[in-house]
Every structure is written in C-alpha cells, then in structure tokens.
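Comments concern the structure below.
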Number of protein chains: 2
Amino acid sequence: MGQASTRDRIVIAAARLLQRQGYVGTGIKQIAKEAEATLGSVYHFFPGGKEAVAVAAIKYSSQEFAAVLRDALDSEEDPGAGVQACARQLAEGLRASGWTDGCPVTAAALETLGTDSEIQQACVNALRSWEQTVTDKLLRSGFQARDARELATTIIGALEGAEVTAQVNRSEEPLRATSRQLARLMDSYGVSRS
Amino acid sequence: MGQASTRDRIVIAAARLLQRQGYVGTGIKQIAKEAEATLGSVYHFFPGGKEAVAVAAIKYSSQEFAAVLRDALDSEEDPGAGVQACARQLAEGLRASGWTDGCPVTAAALETLGTDSEIQQACVNALRSWEQTVTDKLLRSGFQARDARELATTIIGALEGAEVTAQVNRSEEPLRATSRQLARLMDSYGVSRS
DNA sequence: ACGGCTCTAAAACGAACGCTCTAACCAGTA
DNA sequence: TACTGGTTAGAGCGTTCGTTTTAGAGCCGT
C-alpha cells in the first residue's frame, strides 16, 4: 500500500472508515491521518470536501463488493448455493474485523436520507448494481425475468439486514440462517436445470 | 403531546431524531429544542448524558414497533399474509414521513458498533424481542420450533434490509417484493392449518 | 537560473459538539 | 414569611468539527 498514490490512499482509508463509523461519525482529519496524508492533500484532490471524499469512497466500495458478490455467485452453479457462498464470505469478513466492517453503503445511506447530497445517488447506484449482479445470475440459471428481479431485490435486502443483525449479535448465525432460507426460497421456483 | 411530562417529551423527541439522523448526527441540544425542554431538564432526567437519552429512546422505539409488528401479524390468520400486512404498515410509515423515518434501531446500532456502550445492548434486545414476536406467531401457526426461529431471523432481517432499500429508492416496491417472497417462503413449509 | 506547475504542510477560522455550572422558579409545608 | 426539593433556565467550559488560507517543497521544460 506504500506505493499507492495519495489520492488512492485517501479513498481507501475513507471507504474503510465510512464502513466502520458511518458518514457523520467519520472526520475528514481522521481520514487524512488514516491515509497518511495531510489535510491539504485531501482538499487538493477533493475540492468538494468531505462529501466528495465520501462519494468517491462509496463508489470504490460499491465496485469492490460487486466483485466479491460476482465471484461468490459464480463459484457455484446453483444460485442458492451461490447466495450461501456469498453469505459465508460476508460472515468471514465480519468475523475477521471483529464485527465492525459491515456494509459500506447502509450506514452512509441512512445518515444522509434527509439531505439531497450526491451520497444518496451513489448508494442508490451501488444497490442497483448489486441487484443487477444477482439478477444476471438468476437469469443465467433459468429464472423468469420478473421472478429474477423480485428475487434479487429480496436477496440483496435480506443479506443486508442479516449482516446488520450478525454485527450487533456478534454472530454469523443470522447470515447462515438467512442464506439457508433464501436458498430454499429459490429452490421453490423449481427451475429446470440443464 | 402538550400534556406529556417533560421526561416523556424528551424520550419521544430523541426517538424520532435518532430514527431520522442516527446517534452521532443527533445533538443533545437539538433533542432539547425538539422536545420543547431545556438542556438543564435533559441532564436532570438523564444524568448519563446523551448515551442515556439514546438508550431510553431506543427502548421506547423498540416497544412501539413491537406493538405494530404484533398487531400486523395478528390481523391475518396466515403468517405470510401477516408479514405482508406488516410490510404495508412499514411502507405507509415511510411514505408518510417522506422516506425519512426508518428503523429506529439500525442506524444507531451501526454507528456504535465499535464501542461497548449500552446502546448496543438496547439494540440487541430490540431485535431479539421482534424476532420473538414473529417466532410466536409462527409457532401458533403450526411451524416447528427450529423452522420458526430460523424463519423469524430471516423475516426480521429481510424486512430491515428491504426498508433501507425502500428508503434510499424512495419507493415501497422493495418492501412489497420482499414481503411477497417471504410469504412464498413460508408457504413452502406447507404447515397444516386447522 | 528561471517562472510555472502539482502537491504537501500546518496554522487558524467560526461554528457546533457534549457537558458542567450556578441561579432562579415554583409547588407544598409550617 | 421562610424553607425545601424537584424542576427549569441559560451562560460558559474545553474540544472537535469542516473548511480556508498561506507558505513552502519538489520537479520540469526552457
């Protein structure tokens, strides 16, 4: 990480801090310190201030998780098993971080709901891209378009909620239980497998 | 509300503000102003300061939502229909508040994850009591104990995630889709109805 | 050697934060 | 009238917030 550019270090540090303490709870000076940069650098690369840093960080986190999601889903042929693999991946990350590093979008999204900042749009885009990733997998598995979209919304939402529950309970059981039930739900559609 | 005691007004105002802007985003002076009380009153009733106010507010919100949940579930005999009624209730509240008043626990829980404050425990208790409410309904409907518990975890988590998704998208569609899928999932257990 | 550029460094601004403090108000009792 | 305990009122503490500002490195083509 020592060879990463200052700008990249800022984005990555901001992403991690946002994930842990949310938007309001993260100070711009803290971001600078964590990124081993100075306040001047932060405002040089992000003249828009704290909000601009947060938007860049959320976009970064969004793509990062989209990749994790895609890999987990593609690691199994059955989409239900793929969702369970994804839940295991999430649980692993949570446990490794001491249950602090949760969904990079949820916290920031909730805190800026009233405002009309660009952060909102970044969160909407993140959720949409994740849903699309799941939808694609379901379509490839033979689901009908309408079922696939509705299931994808349900799956992303349920995983998000289960992750929060897992965090506050410091247990991966909610993620396990939820992914098991999601797999059962997908099985109930009885899609023909090639 | 004019006849409510000062202490009650503080708790209610804090609950609403926590719901909208989270723990860090809500100032204790703002709580006092919103409750039409003064800072002196707040610290008189809550010597523990901001954290004590938040704990009381979360407990209050927890019981409030538990009642809503119980009523919605009991309004239908079929538990799947009950969950859908609950989702409609949530959607109604969201729309009425301009998509700002979400889950009273999620935001506060996420922001205080690293800390070991009492807020964490209050959030854990809230989630547990809601899960228990759902579990009771499922048991009464003939589900096996193990299935009921796992389903309850899934349902509460999924509703939570769907509510967040609904908030950021300013649409009640995620709640509708999720509750429909949850009802389907419950139906898949094919419990005998009396 | 030079101005011109990107980037870094640190001091300082006003505002807001959580919290403490003292003084006053207002029953009820004697 | 005086006293008392529960409650309200608001000034002010030290700290941190996001941001601005000014100054100075380091590098490059000429």
Side-chain angles (χ1 to χ4, degrees), chain A residues 1-18 20-58 107-108 110-112 114-120 122, chain B residues 1-18 20-58 107-108 110-112 114-120 122:
Chain A
M1 190 185 281
Q3 54 189 349
S5 76
T6 302
R7 205 199 117 104
D8 289 348
R9 288 203 318 272
I10 292 172
V11 172
I12 294 175
R16 173 132 42 156
L17 290 174
L18 279 185
R20 295 195 178 172
Q21 5 182 42
Y23 179 67
V24 193
T26 301
I28 212 172
K29 293 176 185 175
Q30 187 185 11
I31 293 175
K33 177 179 288 186
E34 190 85 0
E36 297 187 47
T38 62
L39 210 51
S41 306
V42 176
Y43 277 94
H44 170 73
F45 290 110
F46 301 94
K50 184 181 179 179
E51 186 175 317
V53 177
V55 169
I58 290 173
L110 284 180
E111 288 177 314
T112 57
T115 78
D116 55 348
S117 71
E118 292 187 42
I119 297 179
Q120 281 297 302
Chain B
M1 190 186 280
Q3 53 189 350
S5 77
T6 302
R7 205 198 116 105
D8 289 348
R9 289 203 318 272
I10 293 172
V11 172
I12 294 175
R16 174 136 38 160
L17 290 173
L18 279 185
R20 294 195 179 172
Q21 2 180 41
Y23 179 68
V24 192
T26 302
I28 213 170
K29 292 177 184 174
Q30 187 185 13
I31 293 175
K33 176 179 287 185
E34 189 85 0
E36 297 188 46
T38 62
L39 208 52
S41 305
V42 176
Y43 277 95
H44 171 72
F45 290 110
F46 300 95
K50 183 183 180 178
E51 186 175 317
V53 177
V55 169
I58 289 173
L110 285 180
E111 288 177 313
T112 58
T115 79
D116 55 349
S117 73
E118 291 187 42
I119 296 179
Q120 281 297 301

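Both backbone and side-chain heavy atoms feed into the values below; hydrogens, waters and symmetry mates do not. Proteins get letters first, then strands, A, B, ... in listed order; numbering begins at 1 in each.
Contacts of A:Gly27 with the nucleic acid, taken as non-hydrogen atoms under 4.0 Å apart, involve only primed sugar atoms and P, OP1 or OP2. The residue B:Ile28 sits close only to the backbone: its heavy atoms come under 4.0 Å of sugar-phosphate atoms, none of a base.
As rounded to whole Å, 6 Å separates atom C1' of C:dC7 from atom CZ of A:Phe45. When the P atom of C:dA10 is taken as reference, atom OH of A:Tyr43 falls 17 Å away, rounded to whole Å. Here the P atom of nucleotide D:dT8 and the CZ atom of B:Arg9 are 7 Å apart, to the nearest Å. Rounded to an integer number of Å, the gap from NZ of B:Lys50 to P of C:dT20 is 14 Å. Between the CD1 atom of B:Ile31 and the P atom of C:dC19 there is a distance of 10 Å, given to the nearest Å. Distance, A:Gln30 CD to D:dT15 C1': 15 Å, rounded to whole Å. Between B:His44 atom NE2 and C:dT20 atom P there is a gap of 15 Å when expressed in whole angstrom units. We find that NZ of A:Lys33 is positioned 12 Å from P of C:dA10, with the value rounded to whole Å.
Contact annotation: A:Ser41 side-chain N/O to C:dC7 OP1/OP2 distance is not under 4.0 Å. Put simply, A:Thr6 has no side-chain N or O that comes within less than 4.0 Å of OP1 or OP2 on C:dC7. Remark: A:Thr38 is not in phosphate contact with C:dT8, judged by side-chain N or O atoms under 4.0 Å from OP1 or OP2.
Taking CD of B:Gln21 as the start and CZ of B:Arg16 as the end, the distance is 11.5 Å to the nearest 0.5 Å. Note: B:Lys29 NZ to B:Leu39 CG = 6.5 Å, rounded to the nearest 0.5 Å. To the nearest 0.5 Å, the span separating CZ on A:Phe45 from CG on A:Asp8 amounts to 9.0 Å.
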Apply side chain to side chain contact (heavy atoms under 4.5 Å, CB included) to the pair A:Val11 and A:Phe46, showing each step before the final yes or no.
CA-CA 10 Å; A:Val11 172; A:Phe46 301 94; 3.7 Å; yes
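Between A:Arg9 and A:Glu36 the shortest heavy-atom distance is NH2-O, 3.1 Å.
Of the candidates D:dT19, C:dG18, C:dC7, D:dT19 carries the atom nearest the A:Lys29 side chain, counting heavy atoms from C-beta on. Here D:dA11 is the nucleotide among D:dA11, D:dT19, D:dG6 with the atom lying nearest to any side-chain atom of B:Leu39.
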